[in-house]
Amino acid sequence: MLIQKPSEISSSEITPEHVYLSRNHFIKAAGGIGAALAVASCQRWMGATKIEENQQPPSSKALFDELGDPLTPYSSITTYNNYYEFGSDKQSPAERAKTFRTSPWEIVVDGLVRNPKTFGLEDLLRIFVQEERIYRLRCVEGWSMVIPWIGFSLAELLREVQPLSHADYVRFETVYAPGQMQMQNIKTYPWPYQEGLRIDEAMHELTILATGLYGKNMPPQNGAPIRLVVPWKFGFKSIKSIVRIELVQEKPLTFWRSIDPEEYGFFANVNPDISHSRWSQQSERRIGEISRRRTLLFNGYGEQVAHLYAGMDLRLDY
Ligand SMILES: Nc1nc2c(c(=O)[nH]1)N[C@H]1C(S)=C(S)[C@@H](COP(=O)(O)O)O[C@H]1N2
Ligand SMILES: [Mo]
């Protein structure tokens, strides 16, 4: 089996979705949709397709998520971004992150672990098999996309460092580079951006560290070289350009929560029945579509994740 890592994808292979669609060296072949559905139904989550080369072109039907929703075009995913370090509007990140330096890059994984380690990005690409995951991304602002990420389970990385039994939470930190990220010079924000997960959420098989999308390296505006993706939570949990992952005992303070705890909860699970203090969360605008669609509890991943919250009052602890 030939596994193609994003590091081996040369820039001449830059693959916006038309190349990706026509060429498919990423979706396990053996019949396109059939294989994709088989994977989806036996693993109960979508897109656990190993990245392979020299395969047959896929059936175009494989280019949907497990609910049948089409992938959002590459051009939209890479030009409509939230990345406050580069600006608070949707267009600035693509423009201003162009020269952001993502190599060399290291991630420190430490805190309450038996085996703290610093990984270079190339170590992560070598140690962990990169696979494709097609996930919906739902922003707390009321828009959504379907994105074919490339990455690996956060659980695999955490197992390498061996969390201690009292490591109840995981804290993530974005790089602090005010020379390159102009908004980090604005001191009213609590830089660097931080996020957190409970340990069982971090260990869940759906939680990934993503290193690319649409079969190519992660664009800087999407959080290069490595970012978190937690598909059943609002997009702000999916922190970009990570340099530190720390195992901790207490619930970590997070960027948006420290700005406004009323509006942004720690769990931030997608939930149509819990309104943001300024707008309803019952519907969303899928980028590229005209009419709004109904927002799904846990962003449609309830079957996989609802058990994590059994017994919790989601209205109080959101
Ligand atoms: N460091 C950092 N990570 C971040 C953000 C940010 O501003 N800074 N924005 C978040 C929000 S609100 C969303 S919706 C997603 C957007 O990811 P995308 O631009 O790749 O679609 O990134 C999240 N991760
Ligand atoms: Mo967001």
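Every number for a ligand or one of its atoms is a count from 1 in the order of the listing. Numbering starts at 1 and runs along the sequence shown.
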Please classify the [X] to ligand 1 contact at 4.0 Å (heavy-atom distances, strictly less than): side chain, backbone, both or neither.
X	value
R227	side chain
E85	side chain
Y83	both
L137	side chain

Looking only at protein heavy atoms, identify the closest one to [atom] and say how far it is in Å.
atom	result
atom 6 (C) of ligand 1	Y193 CE1, 3.3 Å
atom 18 (P) of ligand 1	K240 NZ, 3.4 Å
atom 15 (C) of ligand 1	G235 O, 3.6 Å
atom 9 (N) of ligand 1	N82 O, 3.2 Å
atom 24 (N) of ligand 1	S238 O, 2.9 Å
atom 7 (O) of ligand 1	Y84 N, 2.7 Å

**Prompt:** Roughly how far, to the nearest 0.5 Å, is the CG atom of L314 from the CG atom of L297?
**Reply:** 7.5 Å
**Complete:** Rounded to the nearest 0.5 Å, the CZ atom of F119 sits from the CD atom of E160 at a distance of 5.5 Å
**Request:** Answer yes when D200 and R198 have at least one side-chain N-carboxylate O distance shorter than 4.0 Å, and no when they do not.
**Result:** yes
**Message:** Distance under 4.0 Å to a non-hydrogen atom of I239: what atoms of ligand 1 satisfy this?
**Reply:** 3 (N), 24 (N)
Looking at ligand 1, does any of its N/O atoms fall within less than 3.5 Å of an N/O of [X]?
X	value
N222	yes
W143	no
N81	yes

Strictly by modelled atom types, are [X] and [Y] linked by a side-chain donor-acceptor pair under 3.5 Å?
X	Y	answer
K90	N82	yes
R286	S144	yes
T211	Q130	yes

**Request:** Name the orientation class of the two ring planes belonging to F152 and F128 (parallel below 30°, tilted from 30 to 60°, perpendicular beyond 60°).
**Result:** parallel
**Message:** So for S241, does at least one of its heavy atoms come nearer than 4.0 angstrom to any atom of ligand 1?
**Reply:** no
**Message:** Tell me if the centroids of the rings in F255 and W191 come within less than 6.0 Å of each other.
**Reply:** yes
**Complete:** Residues Y135 and V229: closest non-hydrogen pair is CD1-CG1, 3.7 Å
